[in-house]
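To start, the structure under review is shown below, and the notes come after it.
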There are 2 protein chains.
Amino acid sequence: MAQKKRVTFDDIAKYTNFSKTTISRYFNNPDSLTLENQQIISDALVKLDYKENKVARILASGKTEFIGIIVPNLYLRYYSEMLDQILSTYETFGYKFLVFIGNGNEESERRYIQELLSYQIEGMIILSHTIPSRELAGLSIPIVTIEREDRFVCSVNTDNYMGAVQATSLLARHKCDVLIHVNSPTPEERPAYGRIQGFRDFCKEHHLKHQVIIEELGNTNESSQRQMSHILNQIEMNYPNQKKGIFVSSDTYANVLLNLLFRKYGTLPQDYLIIGFDNSPVSEEAIIPISTIGQQIEKLAYEAVSMLVTQMNERKKRRPVPLKEPIHKMVTPILIRRETTEGFLE
Amino acid sequence: MAQKKRVTFDDIAKYTNFSKTTISRYFNNPDSLTLENQQIISDALVKLDYKENKVARILASGKTEFIGIIVPNLYLRYYSEMLDQILSTYETFGYKFLVFIGNGNEESERRYIQELLSYQIEGMIILSHTIPSRELAGLSIPIVTIEREDRFVCSVNTDNYMGAVQATSLLARHKCDVLIHVNSPTPEERPAYGRIQGFRDFCKEHHLKHQVIIEELGNTNESSQRQMSHILNQIEMNYPNQKKGIFVSSDTYANVLLNLLFRKYGTLPQDYLIIGFDNSPVSEEAIIPISTIGQQIEKLAYEAVSMLVTQMNERKKRRPVPLKEPIHKMVTPILIRRETTEGFLE
DNA sequence: TTGTATGCGTTATCAC
DNA sequence: GTGATAACGCATACAA
């Protein structure tokens, strides 16, 4: 009823005639007690309705089992799916997650990081792009980034370059007359830049006619539709009666393009092949299932947490050996062939 | 370089020749110090590079500023969007969030709740459906649920009934020959049941020919496509040459239906009107923008946190007055008219 | 196997 | 306005 004050080790100790230490040991090293005494304490816990207090434990042990996360938003499926997978590793590693939404605001994110540090988090996973990795590296706490600039910190990334090569070579195999890559402006330091690089390199190496179209496509359906419409006009002007293989930087944008074509022609014309990137739900839910390069988000998430856990454990040793160089792990994406490249039966 | 041990109030006290108490006051009640002394301490903080330790503060004060969240998954946009908005209230209320993914596993969720409680969270927001509200109510900590069974706990919900009425009346205004509602099996205790109820009541009240189709549509695109295909066959058989107004329980499913029709007819036939629910991105990104009932997710999230904060504050008073009855707040959804009901120009 | 004493970094309660 | 001291609840080195 009323908020009776909490039961502590002291209460249990008194009740069982053991010392606080023994009670503590019951939780942290039960084997050091006789089975009989374990039972006695166990019974007492139930009797007194004991609830553990991990805050006190943290203060005493220094181990919070907290990991801080800063994610730009959860509006993009890529991030929400990634967060889902990261949080789900609780079952494997037992770490709890304090989550902040960055929203691209650098100053806010700095505040969030300070707040996280004040809670004695043991490590941090960063998905937002704002704060330079050099600054992150100075925080003296294990950090792993995912799919962002990562020169000075550990990271896990999709092999974007390889993904682009897979996408491009698929289009090439279909003997397109021209290959086109559509993307938003992307800084070279970002892993995602590999999509542009991979496309270019493959085309050049195989002497394929190609074009890279870089245009800000925006974050709303309306703006991407407007921009993509311009791009499409341009393409139709430049390459009439040619078989066009288009590699779009994301499924969302690929879907916009597909819809424009579909609304214009009532179908996807035979001289258009489209492939996206991400394998996000929209690629399946589209009017025609869209071929795509599937990011292995579950694996990326697992590798990130796993890498972080390794480093956090290292720090708990008596004589920790810090990393000489940041580790960068690559996860290979998977080519997923669907109807926008493999023909479409009306 | 090496992990020099942390700077504490003690160090600052020694450095400034004040007592620990004064340092503490500098943070919690600075006005009680002279401006001059504030400056001295402030300088010392910078000099010594002090980092605050909120864990110690929690232990001493009992206030964690933690809110626990259990969300079923982040795969469904509804949840990820809601979580996004909830986390974003940090800027307003300052509470930090510990997040767990429930995945519909009742036993796991019980463990998560225990874990959360052990971290002395001050309140909890529950979006998952597994644990009965009666059990939640017994946890003796403020709880607010969102869009789930909420008999014994506080909650914030969309006014599903009103939303259904809005959707149905829109279809009715378009003088459909028959109104159809498609939904998955939904327990009556869930707020979402109001969608079925609202549809039925409106149709009956206005003596409209109608049918409610309840069928498990599944969680994958493939299964919903298969089920929806059956349903569509059924509808085409039963109501040939009639104008059909179809209210689908979610945008995702509405999109599946729309795609089936579009692939079959190359357009949305004139005798079909479709309206979904949620205003999730897919409703905009669809081959034709789908009319829908927009849930005000930002508002729902804000109201939930706000309601929780009120109760958490109440508990901190000397003589807290607990709620006699759980509060249930309704947020009215918004009708969004797009091309699937307002005519579509090819 | 069990107990004692001390520490973790704050806040809270009194005094002055 | 400032300080001494006792919590807060648990972990751990050292003894026994």
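What you are looking at is a predicted structure, and each value in this text was computed from that prediction instead of being measured. Order of the sequence lines sets the chain letters (A, B, ...), proteins ahead of strands, with each chain counted from 1. Keep in mind that the numbers below use all heavy atoms, side chains included, and drop hydrogens, waters and symmetry copies.
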Q: Answer with yes or no whether B:Thr21 presents, from its side chain, a donor or acceptor under 3.5 Å of a partner atom in the base of D:dA4.
A: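 Donor-acceptor pair under 3.5 Å: yes.
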(Q) Regarding C:dT10, can its base be found pairing with the side chain of B:Lys20 as donor and acceptor, where the two atoms are less than 3.5 Å apart? (A)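 Yes.
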Among [options], which nucleotide sits nearest the side chain of [X]?
| X | options | result |
| --- | --- | --- |
| A:Arg57 | D:dA4, C:dT10, D:dA11 | D:dA11 |
| B:Phe9 | D:dA11, C:dT10, C:dG9 | C:dT10 |
| A:Leu59 | C:dA12, D:dT2, C:dG9 | C:dG9 |
| A:Ser61 | C:dT11, D:dT12, D:dG3 | D:dT12 |
| B:Leu33 | D:dT2, D:dC10, C:dT10 | D:dT2 |
| A:Thr8 | C:dG3, D:dG9, D:dA11 | D:dG9 |
| B:Thr34 | D:dG1, C:dT11, C:dG9 | D:dG1 |

Mind checking if [X] touches a base, just sugar-phosphate, or nothing, with heavy atoms under 4.0 Å?
| X | answer |
| --- | --- |
| A:Tyr50 | sugar-phosphate |
| B:Asp31 | nothing |
| B:Asn28 | sugar-phosphate |
| A:Asn17 | sugar-phosphate |
| A:Ser24 | base |

Q: Examine distances only and state if a side-chain atom of A:Arg148 and a backbone atom of A:Ile131 form a donor-acceptor pair shorter than 3.5 Å.
A: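 Yes.
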(Q) I want to check something: taking the side chain as every heavy atom from C-beta on, are A:Ile12 and A:Tyr50 in contact at a cut-off of under 4.5 Å? (A)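 Yes; the side chains approach each other to less than 4.5 Å.
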Q) Can you name the closest pair of heavy atoms from A:Ser32 and A:Arg25 and give their distance? A)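 Shortest heavy-atom contact: OG-CD, 3.4 Å.
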Q) Which of these, B:Glu109, B:Arg190, B:Glu149, sits in a side-chain hydrogen bond (donor to acceptor under 3.5 Å, both in side chains) with B:His129? A)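 Per the side-chain hydrogen bond (donor to acceptor under 3.5 Å, both in side chains) rule, the option paired with B:His129 is B:Arg190, out of B:Glu109, B:Arg190, B:Glu149.
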Q: Check the pair B:Asp49, B:Lys47 against salt bridge (Lys or Arg N to Asp or Glu O under 4.0 Å), reporting the backbone distance first and the verdict last.
A: CA-CA 6 Å; B:Asp49 188 29; B:Lys47 194 100 175 184; over 6 Å; no
(Q) I want to confirm an ordering. Mapping B:Thr22 and A:Asp10 to their closest nucleotides on DNA chain D, which one lands closer to the 5' end? (A)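 Its nearest nucleotide lies further toward 5', so the answer is B:Thr22.
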